[in-house]
Structures are given as structure tokens and as C-alpha cells.
2 protein chains.
Amino acid sequence: MSNSTPATIEDVARIAEVSIATVSRAIHMPEKVAKSTRLKVNQAIAITGYTANAMARSLRLGRSNMILVVAPDIGDPNFSSILAGLENEARAHGYGVLIGHTQNDAQRGLEYLKFFNSYQAAGLILFTGILPFGHQAATDSLPPSVGVFEPVFNGGIPYVGVDDVEGARKAVDLLISEGHRRIAFIGDSNTRLAYRRRRSGYEAGLAAAGIPLNRQLILDGDGTVESGRLALEQFFMRDDLPTAFMCVNDQTALGVSIGLKARGYDIPDHFSVTGFDDVPQASFMTPSLTTVRQPRTAIGKHAMALLLDMLSDRAASETEILLRPDLVVRNSVGPPPARR
Amino acid sequence: MSNSTPATIEDVARIAEVSIATVSRAIHMPEKVAKSTRLKVNQAIAITGYTANAMARSLRLGRSNMILVVAPDIGDPNFSSILAGLENEARAHGYGVLIGHTQNDAQRGLEYLKFFNSYQAAGLILFTGILPFGHQAATDSLPPSVGVFEPVFNGGIPYVGVDDVEGARKAVDLLISEGHRRIAFIGDSNTRLAYRRRRSGYEAGLAAAGIPLNRQLILDGDGTVESGRLALEQFFMRDDLPTAFMCVNDQTALGVSIGLKARGYDIPDHFSVTGFDDVPQASFMTPSLTTVRQPRTAIGKHAMALLLDMLSDRAASETEILLRPDLVVRNSVGPPPARR
DNA sequence: GTGAAAGCGCTAACAC
DNA sequence: GTGTTAGCGCTTTCAC
């Protein structure tokens, strides 16, 4: 069965007593082959355990069945589930998933382009807000690509992710409904589209409730735990506190929570905190974090499906697929303290 | 530069005014090519932006430069850093990393063998305690493979991981030095080699301190948060409590901590808890978890290096590389309460 | 409905 | 030191 060298199409042809062309046809265009022949071929395939050599096939076809997934940070808590979604969908269609890990190093961009070329990957999944290849690539013709999780900043690349605006909106709305009016937004950013959208949701919620926007309450952040902690410190230095911290993501919320606890405050008695993403760890924080869930596996699945669609150019499809975010209400939000 | 179709070796040859054989040689055995020729070739490569077509190369060579990483669960908090280590090392040697995700589904085993065959992957990294392929594969000849993170149960496959025995030993020793004598071990398992080893370390530590082994204190578990919670419940039902819970991994420790907190106990005032792995979340738990650190990136790096060594059969190398575990002392361990 | 044969891009004999 | 050529396994005309 599984000998030293895998069976080739010739082995199959010999056993089935047909030509290799017929074997190929029996596999890829069964309707063009006589039923009896097809049977013989299938038997021979079963006997030999034949699997087409993907290299030879790709070489001949001029395109491979591998998708390159480029991510700046494999360790991102959001990455793995999305990858799982991508991988499953790809596999189901006979594609393999190759991992490219840029480590947030712009330098490695070109290297990746080469890598991509050498493998003739059929397409690209970009798990990153910006194109990982040098500037020239932006204008240049890019292979079929789809962004996931975060819209791609510098290019008209189709994108699959959660509806950030709506998600953020749900979070502020909850806070407002609990009675908060001084709600901080932590994690503003000029370069990260997803964060900008979340801020839009925040502002929309405020506006809808007739709460005037207070710029003092909006602080920058890059989505790290540290950035949350830092932002919190700024508030305390200013001595101008909100009653709730709406954070751009769970990591930031974690940083804020840690800082708050370190100063002896209780969540949600003294301050309310919300996150975004619902990373696995959110439910285990103390208190467990109220946040917005990203349908990660679904995002991966849809993104890969979209890419695969593009490859078989069944129409260019949508340019942006926004999945519905769900608010996950846990224990980090409560009414504001009556008076401080 | 980057046209619609990538440059081939022929394009380079034409521009350099040499034959394609010379181009190939200039790339792979530069010393066999005249200096002046080499120069011309390199220039032509630069001009065309040529990158060898990996498919064609692999097809010709009969082996690919892709490594298949098989993992039961991409979401394992240990997975991403190990993957990063694997990926970097592979990339550095011109190999790509392909992800295979079994979802803990034994059924998918065969499917993976096929996948593997079709890609003619050069080797396998197994992030799983058991061979993912059907039983027959065990006896059958397997491609060059290396296990990471957890020794492979049913096959003499080289393994790179942390020294579980020593790691566990460090954890018990700490507990003992704090004065604990009734130390539970949570997460025993017959099928998971890593867990068995950790238990050995636990027993060795007890023995060294002259503490008799109490079987009642050893509970099974599969390393999930739930298993930790469950084990804890058993103790409370029996009303036969230890003063410290040494958990087989951080997830289990998390389950135990949650259970303890839910019952109103304080860690480490009432009970001490230790984990194993030092997953990212361990430092953010309340209290932060004392645990044993896995050098994950290093494990990935070494495993890939070992596999690559095997591929270029520079000797079969060691059969097991055990990295040194470090004890990370945080806040979940203290002396046992004087009397309960 | 089936077979013969060309050729995808590359490497490695083998000539010279 | 360099060129010619066979052939890796496959798909796809083009004949029949």
C-alpha cells in the first residue's frame, strides 16, 4: 500500500489498463469517461492509494493550490481560531495553507514576495492592517488577496471581518444604558482601520444618546496590555476620570483592569470596563470581561471562501464582508458610582 | 520587474547570455562557475527578479521544501509560539511551513497522509502526543518526523520539548519548601506522556522530601480548564483536602483557581496552586500563577533544526532534546495555613 | 471514449 | 567551465 515511493498516475494507468490521460480524465472530468473505465480506474486508485502529486500538477497548471497566510504575529490571541477557519475551508477545497510570519518586521516584506513567487501560491490572506510588501507592491499588481480581521490600509483589497462600528456601538450602548456618561475610549489610532471604526461606533453611540463628545476622554493606544495600563495612568495623572473605560480590544481592557486593581479599585463597582474581540482569556479575567465577540472561525471560513471564489473567478464577489458582532455581557460593567 | 508571469530560469539565461544549466549552477554550485559568468548571472537575476519555481524544483528533486506541521488544536495557547519558532527556523533554511489541523479528530488521519503524500512534504512536525495517521502508519515507514511539545506515544520519533520531570520537580520542591506536605497532583493521564513525566517529577520530589505518596491526592485530568474544576469538586466532595494543588498545566490550574475562588477561598492564603507551561495568560490571572515556563520558541527552533538535520542526513542526531524548564515564581504559592 | 505526445521549470548526467 | 538534453508527474490538445 504505502510503499517507499508514492504511486504515480502511471502506476494507476498500468493497473487499470488504460492510458494516463484516461486516468487524469477519470479524476477530473469523470463524465467524459465510460462508466466501465471509470470503475477500473477507481479500483486502481484504491489499490495503489494514489494521490496526485501536487507539485507536478501545479507545475503543469501554472498555479498552485497553496494559499499563503501572512500574519505579523502568530501569537495574536485572535490568530489561531481564524487560522483554523481558514485551514478548514481551504482543505475542503483541496488547498493547503502556508504560514508566513512577518514578525511585524517591514523588512521581511520583500522576502515574502519572493517566497510567494517561488511557491506560486494561488492567493494571499493578509492578517495585517497593512500590505507586508514594500511600497512598490501597493501600486503593482498583486495576486488575489483577501484581508481578514483588520482592513488592509493601503490597497483596495477585499476584506472579511466583524462589523467594528456596530460592535463598538453595542458596547457604548450598554455602558450608556447603565447610566454612564463619562465614557473613555482607549486605543485610538490613525493607522489601524479597525480601531478607527470602533471609535466611530463609540462616537455614534454617544451622539445618539445626546452625550457631547469629549476629546479628553479619547486616548491613543496600540492594542497592547501595556497601552491600556499607560492610558489609565494618564487619566490618573490628569485627575480627570471617566466612569467607564471602553477599550479598543481585550488586551487593552486587561491593561486597564490590572491598573485599576493595582490602585485598589473594584470593577465594576468603581469603574466599568469593556473590551473587544472576546479572546479566550476574557472569560477568565476577574471580573470576567464584558466584550464584543469576534466570530473568528467564521471570519476565517468566509475569507478563504471569498479568496477561493476569486481564484475561480466566479465573479469578483463583494469587496467587504462584515460579520455581525455579538455583545458578550459578563461582569465588568455596572452602573456608575452615584457620586465620587 | 514584477510582470504578470514571474521570470523563469530561461529569462535569466537569455539576459546573461548563458545556458540555463549555467544559471542553475551559478545558483547552486557557484564555485563551479567562472567568476565573470557568475557575475553576469547574478545581474540577470537582479534584473528579472528571478526566484526559482519551487514546484518545478521540487518535482525535479523528488522532494519538496515544505514541512507539514500537524497539530490537533491550533488554538492551544502553546501552539503559536512554537509555530513561530518552527517557522523562523524553516524559513531561514529555505523551507516553508504548511499547517495541518486535525481538530483532535482521529478520522482525519488518513486524509492527512494523503495530503502529505500529495505535497511530498519533506518532513513532519507532530504537535501531538499520538500519531495522527491510522494504526497502520505506526508500523509503516514514516517520513522524517519530529515530535514537539509532547512526546509521540506510538512511535520511536525524535522529540524536542521541555524536561517535564525536572520542571515538575521544581514545582513540587517549591511547594515543599513552603511547608506543604499534602500536595495534590491534578492531571494524571495514561495516554499523555508529558503528563506522566510531570507526575514522575512530582513523585520524585515527594520521595526526596520523605513524604509518602498518597494516591488519594492524584487525580486524573486531560489538561482542560474544566478538568481542573472537576478535580477540585472531587476533593470537596470527599472532604479530604490538600493544602496545595500542583496542576499538570496552566489550564488545569486555571480551573482549580476558578473553583477555589467560587467557593470563597483565597489563593495563596488558603491554598497554593501551581501550573505548568506558563501560557501568556498565566501572568494575568489573579493571583498571577506560579508555573513552569516552556521555552516555546526555542522548542520550535530546535525541533525544526533537528528535522532539517535529519533531512540532509547529517547523522540521525539525538533522539530526544530536552530543554531546561524555568520555574516562574509569582503569587499563587504561599505557606499552608497553620491549621484548618 | 481513448491514446500519444508536448511541455510546465527545473536539475543533473553527460558531452565537449 | 559551459552547453545539451532527459525526465520528474501531470494535464491537455490533437488524432483517431
Side-chain angles (χ1 to χ4, degrees), chain A residues 3-42 44-45 48-66 94 114 116-122, chain B residues 3-42 44-45 48-66 94 114 116-122:
Chain A
N3 294 316
S4 45
T5 69
T8 72
I9 198 171
E10 280 208 71
D11 299 328
V12 177
R14 198 178 318 113
I15 294 184
E17 299 179 299
V18 295
S19 74
I20 60 169
T22 300
V23 175
S24 179
R25 274 189 291 252
I27 295 171
H28 300 290
M29 334 147 76
E31 69 285 356
K32 308 216 106 191
V33 166
K35 201 167 180 181
S36 61
T37 316
R38 213 185 311 152
L39 223 73
K40 282 194 296 179
V41 172
N42 286 337
I45 289 178
T48 54
Y50 170 72
T51 323
N53 180 321
M55 304 298 171
R57 185 154 205 274
S58 302
L59 179 59
R60 176 62 232 245
L61 259 29
R63 65 190 150 80
S64 89
N65 44 177
M66 265 177 300
K114 284 184 63 169
F116 177 84
N117 277 335
S118 101
Y119 274 101
Q120 322 270 272
Chain B
N3 294 317
S4 46
T5 70
T8 73
I9 197 170
E10 280 207 74
D11 300 327
V12 177
R14 197 178 318 114
I15 293 183
E17 301 180 301
V18 296
S19 75
I20 60 169
T22 299
V23 175
S24 179
R25 272 190 293 255
I27 294 172
H28 300 291
M29 335 147 74
E31 69 286 357
K32 308 215 108 194
V33 166
K35 202 166 178 182
S36 60
T37 316
R38 212 186 313 153
L39 224 72
K40 282 195 296 179
V41 172
N42 287 337
I45 290 180
T48 54
Y50 171 72
T51 321
N53 181 322
M55 303 299 170
R57 185 153 204 272
S58 302
L59 179 58
R60 176 61 233 243
L61 259 28
R63 64 192 151 77
S64 88
N65 43 177
M66 264 175 300
K114 284 185 64 168
F116 178 85
N117 277 334
S118 101
Y119 275 101
Q120 322 273 271

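Atoms considered below: every heavy atom in the structure, side chains included; atoms not considered: hydrogens, waters and symmetry mates.
For the OP1/OP2 pair of dG9(D) and a distance below 4.0 Å, the side-chain nitrogens and oxygens of Tyr119(B) include no atom meeting the criterion. Contact annotation: Thr8(B) does not reach the phosphate of dG9(C) (side-chain N/O to OP1 or OP2, under 4.0 Å). For the OP1/OP2 pair of dT4(D) and a distance below 4.0 Å, the side-chain nitrogens and oxygens of Ser19(B) include no atom meeting the criterion.
Straight-line distance from the CE atom of Met29(A) to the P atom of dT2(C): 13 Å, rounded to whole Å. Regarding Leu61(B), its CG atom lies at a distance of 12 Å from the P atom of dC10(C), rounded to whole Å. Spacing between atom NZ of Lys32(B) and atom P of dA15(C) amounts to 16 Å, rounded to whole angstrom units. Following rounding to the nearest Å, Arg14(A) (CZ) and dG9(D) (C1') show an atom-to-atom distance of 13 Å. Spacing between atom CD of Glu31(A) and atom C1' of dT2(C) amounts to 15 Å, rounded to whole angstrom units. Nucleotide dG7(C) holds its C1' atom 19 Å from the CE atom of Met55(A), rounded to whole Å. Between the CD atom of Glu10(B) and the P atom of dG7(C) there is a distance of 12 Å, rounded to whole Å. The NE2-P distance, from His28(A) to dG9(D), rounds to 16 Å in whole Å.
Ala21(A) comes within 4.0 angstrom of a base, heavy atoms only. When heavy atoms are screened at a 4.0 angstrom cut-off, Thr37(B) is found touching the sugar-phosphate backbone but no base atom. Residue-level contact check: Leu59(A) touches the bases, meaning some heavy atom is under 4.0 Å from a base atom.
Ranked by how close their nearest DNA chain D nucleotide is to the 5' end, Arg63(A) and Arg38(B) are led by Arg38(B). The nearest heavy atom of DNA chain C to Arg25(B) and to Thr51(B) marks one nucleotide each, and the one closer to the 5' end goes with Thr51(B).
At distances below 3.5 Å, not a single donor-acceptor pair connects side-chain atoms of Asn42(A) with backbone N or O atoms of Leu39(A).
Side-chain contact check for Tyr50(A) versus Ile27(A): some heavy-atom pair is nearer than 4.5 Å. Side-chain contact between Val18(B) and Val33(B): absent, with no pair of heavy atoms (C-beta onward) separated by less than 4.5 Å.
Side-chain proximity of Ile20(A) to the nucleotides dG1(C), dG9(C), dC10(D) is greatest for dC10(D). Of all nucleotides listed (dC10(D), dC10(C), dT2(C)), dC10(D) comes nearest to the side chain of Arg57(A).
Between Met66(A) and Tyr119(A), the closest heavy-atom pair is CE-CD2, 4.0 Å.
For the side chain to side chain contact (heavy atoms under 4.5 Å, CB included) criterion with Val12(B), the lone passing option out of Thr22(B), Val23(B), Ile20(B) is Val23(B).
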